[in-house]
Protein chains: 2
Amino acid sequence: MGRWQPDSQGRLEQAALALYSERGFENTTVAEIAARAGLTERTFFRHFADKREVLFWGAPMLEGLMVSAVEAAPTTAAPIDAVAAALEATGPLLAERRDSARQRQRVIDANTDLRERELIKLASLATALAGALRRRGVGEPAATLTAEAGIAVFRVAFARWVSDPKSRDLPQLIRDSLGELQAVTAGR
Amino acid sequence: MGRWQPDSQGRLEQAALALYSERGFENTTVAEIAARAGLTERTFFRHFADKREVLFWGAPMLEGLMVSAVEAAPTTAAPIDAVAAALEATGPLLAERRDSARQRQRVIDANTDLRERELIKLASLATALAGALRRRGVGEPAATLTAEAGIAVFRVAFARWVSDPKSRDLPQLIRDSLGELQAVTAGR
DNA sequence: CCCGTAATGTCAGTGACTGACATCAGGGTA
DNA sequence: TACCCTGATGTCAGTCACTGACATTACGGG
């Protein structure tokens with residue numbers, strides 16, 4: 001048994017999600033989150049850079065997962081297919097957290113500041129994917145455009161997956177959305 | 001002559017851009033901006049919702065311009081072409097402000113909070129474009145995907161236009177980037 | 001049994017942002 | 001002319017996010 005209650009970070013994360021859900025992000029103070037987790041405000045800011053970051057703790061893991069998937073794609077795969085594989089690679093991880101993902105997304109969608117933070121995380125993801133593509137020999141601006149297009153596909157697919165309780169699984173929605181994007185960009 | 005010095009908003013905007021450029025966004029207080037404009041902090045917040053918003057005053061105008069361009073596109077135009085026309089429609093407006101656009105972009109790129117705000121403005125733009133497409137009869141998710149792809153193209157083209165002093169004009173860069181996106185999404 | 005250390009607590013401070021109320025100069029109106 | 005009315009600004013007090021400096025508190029090794 002540790003010196004203190006274990007998993008401070010996790011307790012803060014849970015307390016924050018609960019309070020943001022109950023009373024909204026703006027009506028929750030960091031002091032309240034910390035109190036609910038049995039800690040102080042100062043400790044909150046030692047674990048999370050700011051009040052928003054607590055909801056995006058998993059982003060670096062997702063980013064790492066996707067980058068690995070791009071690197072693992074066969075050398076012969078077209079850039080867009082390597083990115084598609086990366087997006088689909090998130091399926092299992094997200095599938096087992098669908099309920100909490102939905103709750104989290106409701107909180108984020110309800111607040112502009114949180115949506116800003118989500119957007120910059122996705123932008124960071126796109127940058128990372130573009131970097132992985134470049135390491136495969138893809139040039140610019142092809143790498144950036146492919147990554148950005150991939151993120152757009154992911155956004156659309158994820159939104160559907162989260163909002164519709166009866167939707168198909170995420171990888172399938174990703175494939176569908178990519179198909180739509182290809183149809184739509186093809187010109188006439 | 002009015003009761004007060006005219007164009008408080010414009011003076012605040014200029015003071016903010018100057019100070020953000022000189023000493024950086026984080027090292028500038030709102031009180032300093034207001035003092036430079038001959039006003040008080042409270043008045044700053046009557047004109048701008050927050051310290052970041054002062055740099056994004058023109059976003060609604062750009063959005064209106066693009067939406068109008070989508071609406072003005074011939075009914076026969078494919079969605080992606082209507083969006084391309086909207087992106088290119090910003091050319092003249094931005095061309096005559098290239099220097100200030102470059103200064104502004106340097107400031108934004110130097111600070112994460114400002115990049116967040118830029119991203120949500122672009123997301124708002126994408127939403128508006130998707131809405132305009134839907135009014136043309138484009139369904140979902142095609143409308144959203146087309147709009148998002150268009151914004152990705154714009155981002156890439158704009159970045160090149162701003163960073164390279166010798167680059168071609170923006171509409172040409174937009175056409176080039178769209179061509180690249182089409183090549184890259186085409187699959188094999 | 002002492003001591004270094006990592007996680008936490010305490011406290012004072014800065015600065016963004018807000019609400020309530022005061023001021024002040026024109027413009028219209030009696 | 002005297003009197004409101006109004007819109008833009010000023011003043012002031014307050015909340016809260018976030019930070020730096022320093023104190024505290026058990027472990028766990030030596």
Side-chain angles (χ1 to χ4, degrees), chain A residues 1-57 107-108 110-118 120-121, chain B residues 1-57 107-108 110-118 120-121:
Chain A
M1 189 167 59
R3 266 167 286 202
W4 298 276
Q5 299 281 66
D7 195 19
S8 298
Q9 182 147 327
R11 273 152 51 216
L12 287 167
E13 193 181 347
Q14 288 184 7
L17 182 57
L19 288 172
Y20 293 169
S21 289
E22 287 170 19
R23 55 176 81 166
F25 176 80
E26 292 166 333
N27 299 318
T28 303
T29 69
V30 174
E32 288 166 347
I33 299 170
R36 178 130 162 185
L39 296 165
T40 64
E41 193 179 352
R42 192 64 182 89
T43 297
F44 178 95
F45 288 111
R46 288 204 178 90
H47 286 283
F48 303 102
D50 59 50
K51 193 185 165 187
R52 287 171 267 172
E53 199 65 16
V54 64
L55 289 184
F56 298 90
W57 185 80
V107 171
I108 292 171
N111 179 272
T112 302
D113 289 338
L114 290 172
R115 299 214 297 122
E116 284 189 355
R117 182 55 53 85
E118 182 183 37
I120 207 169
K121 293 295 180 186
Chain B
M1 190 167 59
R3 266 167 288 202
W4 299 276
Q5 298 281 63
D7 194 20
S8 297
Q9 183 146 328
R11 273 152 49 217
L12 286 167
E13 193 182 347
Q14 288 184 6
L17 182 57
L19 288 172
Y20 292 169
S21 290
E22 288 170 19
R23 55 175 82 165
F25 176 80
E26 292 166 332
N27 298 320
T28 303
T29 70
V30 174
E32 288 166 347
I33 298 170
R36 178 131 161 184
L39 296 165
T40 65
E41 191 178 354
R42 192 65 184 87
T43 297
F44 178 96
F45 287 111
R46 287 205 179 91
H47 285 282
F48 304 102
D50 60 48
K51 192 185 164 188
R52 286 170 268 171
E53 199 65 17
V54 64
L55 288 184
F56 297 90
W57 185 81
V107 171
I108 292 172
N111 179 272
T112 303
D113 291 336
L114 290 173
R115 297 213 299 123
E116 284 189 354
R117 180 56 51 86
E118 183 183 37
I120 206 169
K121 294 297 181 185

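Below, read A as the first sequence line, B as the second, and so on, with proteins coming before strands; counting in each chain starts at 1.
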> Atom NZ of B/Lys51 to atom P of D/dA17: distance rounded to whole Å?
Replying inline: 18 Å
> Just wondering, do B/Ile33 and B/Arg36 contact through their side chains at under 4.5 Å, heavy atoms?
Replying inline: no
>> Suppose we call a contact any N or O donor and acceptor under 3.5 Å apart; does that hold for the side chain of B/Arg46 and the base of D/dG10?
In response: yes
> Nearest of C/dG9, C/dC17, C/dT10 to any side-chain atom of A/Leu39?
Replying inline: C/dG9
> Starting at the 5' end of DNA chain C and moving along, which residue's nearest nucleotide shows up first, B/Thr28 or A/Thr40?
Replying inline: A/Thr40
> So does A/Ser8 get a side-chain nitrogen or oxygen closer than 4.0 Å to the phosphate oxygens (OP1/OP2) of C/dT8?
Replying inline: yes
> To the nearest angstrom, how far is A/Glu26 atom CD from C/dC17 atom C1'?
Replying inline: 12 Å
> Should the pair B/Arg117-B/Asp50 be classified as a salt bridge under the 4.0 Å nitrogen-to-oxygen rule?
Replying inline: yes
> To the nearest angstrom, how far is A/Phe44 atom CZ from D/dT19 atom P?
Replying inline: 11 Å
> Can you check the B/Asp50 CG to D/dT15 P distance for me, whole Å?
Replying inline: 22 Å
>> Between B/Tyr20 and B/Asn111, is the side chain to side chain contact (heavy atoms under 4.5 Å, CB included) condition met? List the steps.
In response: CA-CA 10 Å; B/Tyr20 292 169; B/Asn111 179 272; over 6 Å; no
> How close or far is atom C1' of D/dT11 from atom CZ of B/Phe45, stated in whole angstroms?
Replying inline: 16 Å
>> Does a side-chain N or O of A/His47 approach OP1 or OP2 of C/dA7 to a distance below 4.0 Å, or not?
In response: no
> Of B/Arg52, B/Arg115, B/Lys121, which is the lone residue that meets side chain to side chain donor-acceptor pair (under 3.5 Å) with A/Glu116?
Replying inline: B/Arg52
> Please give, in whole Å, the distance from D/dT15 P to A/Glu41 CD?
Replying inline: 14 Å
> About how many Å separate CH2 of A/Trp57 and NE2 of A/His47, when rounded to the nearest 0.5 Å?
Replying inline: 11.5 Å
>> At less than 4.0 Å, is any side-chain N or O atom of A/Thr43 found next to OP1 or OP2 of C/dA7? Yes or no.
In response: no
>> Please report the distance, rounded to the nearest Å, between CZ in B/Arg42 and C1' in C/dG15.
In response: 15 Å
> Between atom CG in B/Leu12 and atom P in D/dA8, what is the gap in whole Å?
Replying inline: 14 Å
